[in-house]
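Please read the structure below before turning to the comments.
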Number of protein chains: 2
Amino acid sequence: MNSARKENPVTDALEDYLETIYLQIRDQKFARIKDIAKARGVKSGSVSPAMKRLDELGLIKYVKREYIVLTPEGEKRARRVFARHQLLEHFFKDILNMSPGAAQKDACAMEHNLSDEAMDRFVRLFEFLEVCPEGRDLLEKFRGCSRVHHDIPCMKEDCKSAHRPEISEEEQQMSISDLQPGQSGRVTQVNGQGAIRQRLLDMGVFPRVEIEVERVAPAGDPIWIKLQGYQISLRQNEAAAVMVTRV
Amino acid sequence: MNSARKENPVTDALEDYLETIYLQIRDQKFARIKDIAKARGVKSGSVSPAMKRLDELGLIKYVKREYIVLTPEGEKRARRVFARHQLLEHFFKDILNMSPGAAQKDACAMEHNLSDEAMDRFVRLFEFLEVCPEGRDLLEKFRGCSRVHHDIPCMKEDCKSAHRPEISEEEQQMSISDLQPGQSGRVTQVNGQGAIRQRLLDMGVFPRVEIEVERVAPAGDPIWIKLQGYQISLRQNEAAAVMVTRV
DNA sequence: TCTATTTGTTAGATTCATCTACCAATGGAG
DNA sequence: CTCCATTGGTAGATGAATCTAACAAATAGA
Ligand SMILES: [Mn+2]
Ligand SMILES: [Mn+2]
Ligand SMILES: [Mn+2]
Ligand SMILES: [Mn+2]
């Protein structure tokens with residue numbers, strides 16, 4: 001990461017310092033070494049030199065042993081990082097329904113590398129999902145419906161029946177274990193929970209990817225499939241959890 | 001980043017090497033220093049020691065001057081990184097409609113830090129958007145509709161009229177420049193293009209955030225607003241681009 | 001077989017981010 | 001005014017990731 005260090009000397013770590021300073025000034029009117037160290041989980045011996053670097057870059061004004069002040073440039077940069085953080089955290093927490101902890105952590109890891117273009121598109125998505133009535137409907141439905149895909153009983157009884165029939169009319173749904181060697185399919189759903197689901201996702205078994213069954217062991221247990229050009233093997237219970245349509 | 005170096009010695013850079021090796025073996029049946037260096041944009045003098053590290057970690061089998069082979073452990077890890085890459089790139093490109101280049105770049109920067117939970121939720125989203133008929137409909141609508149929010153003429157004439165009326169019935173839409181000092185609003189849309197939009201997004205002016213107009217200069221030009229606890233100033237044309245509902 | 005080209009290795013340097021272990025300044029409390 | 005507790009600063013070390021430049025090995029031509 002941050003391979004663009006030549007053009008942009010503000011590293012991820014420095015951006016995190018800026019964000020921390022920004023928030024501390026906002027919340028307690030001042031920022032000092034001790035609090036920054038605590039907030040970032042580092043020792044004060046690491047913060048001092050970082051402040052020196054930020055000062056040299058013109059992003060903060062730092063006189064030894066005094067409170068840290070953001071320059072206009074630094075404030076702009078800090079707000080930009082914080083904005084990205086907020087946007088991503090909102091997406092993870094409120095759209096994707098992640099746990100607050102994971103949303104915060106993922107957001108803070110990604111905020112530094114998000115492109116302007118991605119920011120722009122996320123905002124468009126939010127406008128659609130949270131302003132357009134149709135988008136709001138969609139978000140509602142997604143929230144109510146996403147359980148269906150994971151064997152967790154759906155609250156709305158009609159949810160499953162409302163969706164499935166339409167699908168099965170056009171495209172026959174089956175699991176990978178229903179395919180014969182030589183047949184191909186496109187993944188539509190990944191069922192299964194816990195370790196099985198985890199392993200499938202780690203292997204890149206997602207909706208939309210195409211797979212081809214290459215070989216099935218006599219007992220039907222390891223099933224070798226080709227996925228994105230690479231061969232992998234699935235246990236029977238893993239294969240059964242993956243729904244596909246024939247292609 | 002990668003502050004979790006103690007528990008997990010496989011850094012982002014090493015993961016990228018693994019991913020590169022994985023793809024080269026897939027596509028050309030072998031991986032060697034030269035090609036890896038080229039693919040990753042580094043010099044061969046950087047790759048050799050990295051291969052030594054990966055070998056020590058048991059992720060590849062590397063005998064000097066011979067082709068590089070992934071161990072089962074390394075292959076698993078590589079596939080996991082690649083899976084994350086694919087998932088994010090798909091999201092950026094096909095859902096958010098980003099340019100292929102930016103989608104690829106953002107995905108490759110983020111793939112290392114994405115949590116398992118985020119993976120899981122992304123997959124649920126894809127299942128909804130690409131399997132459920134309702135999800136598919138609404139993805140369609142989003143694609144057609146997202147233009148509306150950005151002053152780009154919409155292809156479907158009825159798109160705007162289909163959405164707006166319903167909104168205005170319940171919630172009065174106005175721009176920030178219509179607010180009086182002391183009044184508050186919640187952002188619903190960020191219009192405007194180019195530099196104006198960019199600056200608004202950099203400052204964290206997104207849908208859903210609450211703003212309060214604190215002060216308006218005589219000429220109406222700088223408008224000071226409070227946003228997430230911090231005061232910022234907007235030009236008149238920036239303020240005019242931000243749609244809000246009163247709160 | 002001998003040489004030229006390609007490919008990979010090594011050593012040494014740089015930059016960043018962090019640590020630890022001291023040391024220094026500051027500001028109350030008495 | 002002195003002393004101690006809090007706070008911040010410095011030096012030196014570590015480890016990751018990279019570079020450059022010189023070198024070595026392997027391969028391919030002639
Ligand atoms: Mn961060
Ligand atoms: Mn952050
Ligand atoms: Mn990457
Ligand atoms: Mn990648």
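Quick note on labels: first sequence line is chain A, next is B, and so on, each numbered from 1.
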What integer distance in Å separates [X]:[atom1] from [N]:[atom2]?
X: Met51(B); N: dG8(C); atom1: CE; atom2: C1'; result: 12 Å
X: Leu54(B); N: dA16(D); atom1: CG; atom2: P; result: 12 Å
X: Asp16(A); N: dT18(C); atom1: CG; atom2: C1'; result: 14 Å
X: Asn8(B); N: dA16(D); atom1: CG; atom2: P; result: 12 Å
X: Leu57(A); N: dT15(C); atom1: CG; atom2: P; result: 14 Å
X: Ile33(B); N: dC23(D); atom1: CD1; atom2: C1'; result: 16 Å
X: Ile36(A); N: dT7(D); atom1: CD1; atom2: P; result: 14 Å
X: Asp12(A); N: dC16(C); atom1: CG; atom2: P; result: 13 Å

### Query
Do Tyr22(A) and Tyr230(B) make the cut of ring centroids closer than 6.0 angstrom?
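Ring-ring flag for Tyr22(A)/Tyr230(B): true, centres closer than 6.0 Å.
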
### Message
Centroid separation under 6.0 Å, is that true for the rings of His90(A) and Phe126(A)?
### Response
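Centroid separation for Phe126(A) and His90(A): below 6.0 Å.
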
### Message
Any base atoms under 4.0 Å from Lys38(B), or only sugar-phosphate, or nothing? Heavy atoms, all strands.
### Response
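Contact class for Lys38(B): none.
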
From the list [options], which nucleotide is the closest neighbour of the side chain of [X]?
X: Arg53(B); options: dT10(D), dA16(D), dT18(C); value: dA16(D)
X: Arg40(B); options: dG8(C), dT18(D), dC19(C); value: dT18(D)
X: Pro49(B); options: dG8(D), dT10(C), dT18(C); value: dT10(C)
X: Lys52(A); options: dT9(C), dT10(C), dT10(D); value: dT10(D)
X: Thr11(B); options: dA16(D), dC19(D), dT10(C); value: dA16(D)
X: Ser48(B); options: dT18(D), dG8(C), dG8(D); value: dG8(C)

Do any side-chain nitrogens or oxygens of [X] fall under 4.0 Å of OP1 or OP2 in [N]?
X: Lys43(B); N: dC19(D); value: no
X: Tyr17(B); N: dT18(D); value: yes
X: Ser46(B); N: dC19(D); value: yes

#### Entry: Ion pair Asp116(B)/Arg121(B), N-O distance below 4.0 Å
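Salt bridge: no.
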
### Task
Would you kindly compare Val42(A) and Arg32(B) by the position of their nearest DNA chain C nucleotide and give the one closer to the 5′ end?
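Looking at the nearest nucleotide for each, Arg32(B) comes out on the 5' side.
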
### Query
Heavy atom of residues 59-67 of chain A under 4.0 Å from DNA chain C: which residues?
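Arg65(A), in order of number.
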
Please report the shortest heavy-atom distance between [X] and [Y], naming the atom on each side.
X: Leu114(B); Y: Met110(A); value: CD1-CE, 3.3 Å
X: Leu14(B); Y: Pro9(B); value: CD1-O, 4.1 Å
X: Val187(A); Y: Val205(A); value: CG2-CG1, 4.2 Å

### Message
Between Glu130(B) and Thr188(A), do the side chains contain a donor N or O and an acceptor N or O under 3.5 Å apart?
### Response
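Checked: Thr188(A)/Glu130(B) side chains show no N/O donor-acceptor pair below 3.5 Å.
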
### Query
Is the Phe128(B) ring parallel, tilted or perpendicular to the Phe142(A) ring (thresholds 30°, 60°)?
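Plane angle between 30° and 60°, so tilted.
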
